[in-house]
Protein chains: 2
Amino acid sequence: MYKNKQKLLIAVDCIIFGFDSEQIKLLLFKRKVEPYSGNWSLVGAFINENLSLNEAAQEILFEYTGLKDIYLEELQTYSKVDRDPGERVISVAFFSLTRINEIVEESVEKFDAHWFNLDEIPELILDHREMVDNAITKLRQKARYQPIGFELLPEKFTIPQLQLLYECIYNKKLDDRNFRKKIFSYDILTKTDLKDKSTSKKGAFLYKFNKKKFDSFIANGYNFEL
Amino acid sequence: MYKNKQKLLIAVDCIIFGFDSEQIKLLLFKRKVEPYSGNWSLVGAFINENLSLNEAAQEILFEYTGLKDIYLEELQTYSKVDRDPGERVISVAFFSLTRINEIVEESVEKFDAHWFNLDEIPELILDHREMVDNAITKLRQKARYQPIGFELLPEKFTIPQLQLLYECIYNKKLDDRNFRKKIFSYDILTKTDLKDKSTSKKGAFLYKFNKKKFDSFIANGYNFEL
DNA sequence: ATTGTAAACGTATATTTAACACTTATTAAA
DNA sequence: TTTAATAAGTGTTAAATATACGTTTACAAT
């Protein structure tokens, strides 16, 4: 059909964020193939004829973390002509939010992966550092108007946990009284009668996030600033 | 280098917005090549080895509008396997904001182009309608926290013009007194002593947008809601 | 001089955000 | 079994911001 048109190599790279109840983390992998074998890198793969970019990204994530149906969002394309010294490759970066505790350990270990704090990211191959920086910026921006925080927390979580997560995202302390007021005003949480006593004697009630209310919240045109 | 990897066709498509002092408009082109010759479409082109996607998009825009250094932003990729019945093509959509009056008429006429109101968009080829819808959504969202409005206005503009533009973007009436208060509070406009008398006997003062103040406004972490 | 019209301006009220201090439930140690 | 320690949980007030609304002003056309 489009005969004399040039074809190019196209790849996807995945930025994988997690939250371990203390810090936001980035999952990086020690590369095992040339070029750059032994260096830290995002995970990625070339695209073939059979998959959309999204499907390809989901597949990569499954391969490396054992997780399916991960929150995944396109970040942007990276297409500088000489970004890969080997050969020209256009890469589409995706960023994903995961619950660290759900990640299948064997998958991660098999690939020599490691969770890094955002302020301790090692040197990365190619333009992967730029991708990561852009993803962090986007994560912070996005958090202001979409409640993506939930993708990073376990199914049941406490208010102090949720607050801590947002403190990590915004990188500043929040007032706990105002935080509670605000989050409850959105009316998207369901209280359980369970308590998490891992961090205090009193224990903190566990909440679940109410999918139905949440969806209508989204549908209306939310503004999630905290 | 990456020998046995498959290569694919990759294209860019451009969504071109403008504002004619009354409505936000979308520039569409009557396609002159097969497949779909004679149908309305976005402008686009296949990517070759020599240009980044951004450069390619700028080149396309120059070819079709005569404009250089247009405001241009990546929207997202479209990569469904069967999105183009001819052959598999991955397309990256960009959206651009232009000042209609600066567009070189001959360029536009040569290509059988037409500015459409957003509520009168004709049937488009492939998934171009989806691209356009996504672009409109993004435009509206973006306007809430970045003063992109300026890209759509001539260098000198009046407050009522600016207000009208935002009324078009948000698709609702704004209070003129509050609008003025808000926009002046950002302190990013410079008043000229010229008046535009095209819409009233009294005439409205023309303003320019103050690049320096604007940049620091952006740098700090603005919130441009109007 | 009068009239019509869009531009420009100000104020009062409601809502939202920001700042701040005490009480409660529980466990572990005395 | 009392006491001490600690994070969880709650309410109030002041400041800032957003909303709603009426009047005056400059100019051209009559």
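Here is how names work: the chains are called A, B, and so on, in the same order as the sequence lines, proteins then strands, and each is numbered from 1. All values below come from the heavy atoms of this structure, side chains included, with hydrogens, waters and symmetry mates left out.
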Pair A/Leu28, A/Leu26 - check side chain to side chain contact (heavy atoms under 4.5 Å, CB included), show working.
CA-CA 6 Å; A/Leu28 295 172; A/Leu26 176 68; 4.0 Å; yes

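- Whole-Å rounding puts the A/Ile159 CD1 to D/dT10 C1' distance at 13 Å.
- For the pair B/Phe205 CZ and D/dC27 C1', the computed distance is 12 Å after rounding to whole Å.
- Across the protein-nucleic acid pair, B/Lys201 atom NZ and D/dC27 atom P stand 14 Å apart, rounded to whole Å.
- Consecutive pairing runs in DNA chain D reach the stem threshold at C:1-30 with D:1-30, where a stem means at least three Watson-Crick or G-U wobble pairs with distances under 3.5 Å.
- Per the geometry, NZ belonging to B/Lys173 stands 15 Å off P belonging to D/dA20, to the nearest Å.
- Note on A/Lys181: a base of the nucleic acid sits closer than 4.0 angstrom, heavy atoms only.
- Atom NZ of A/Lys202 is separated from atom P of C/dA28 by 17 Å (rounded to the nearest Å).
- As rounded to whole Å, 13 Å separates atom C1' of C/dT5 from atom NZ of B/Lys195.
- The number of heavy atoms from other shown groups lying within 6.0 Å of CD (B/Glu123) does not exceed 12.
- The base of D/dA20 is not paired with the side chain of B/Arg177 by any donor and acceptor separated by under 3.5 Å.
- One atom, NZ of B/Lys182, and another, P of D/dA20, lie 13 Å apart when rounded to the nearest Å.
- If you measure from atom CG of B/Asp176 to atom P of D/dT23, you get 15 Å, rounded to the nearest angstrom.
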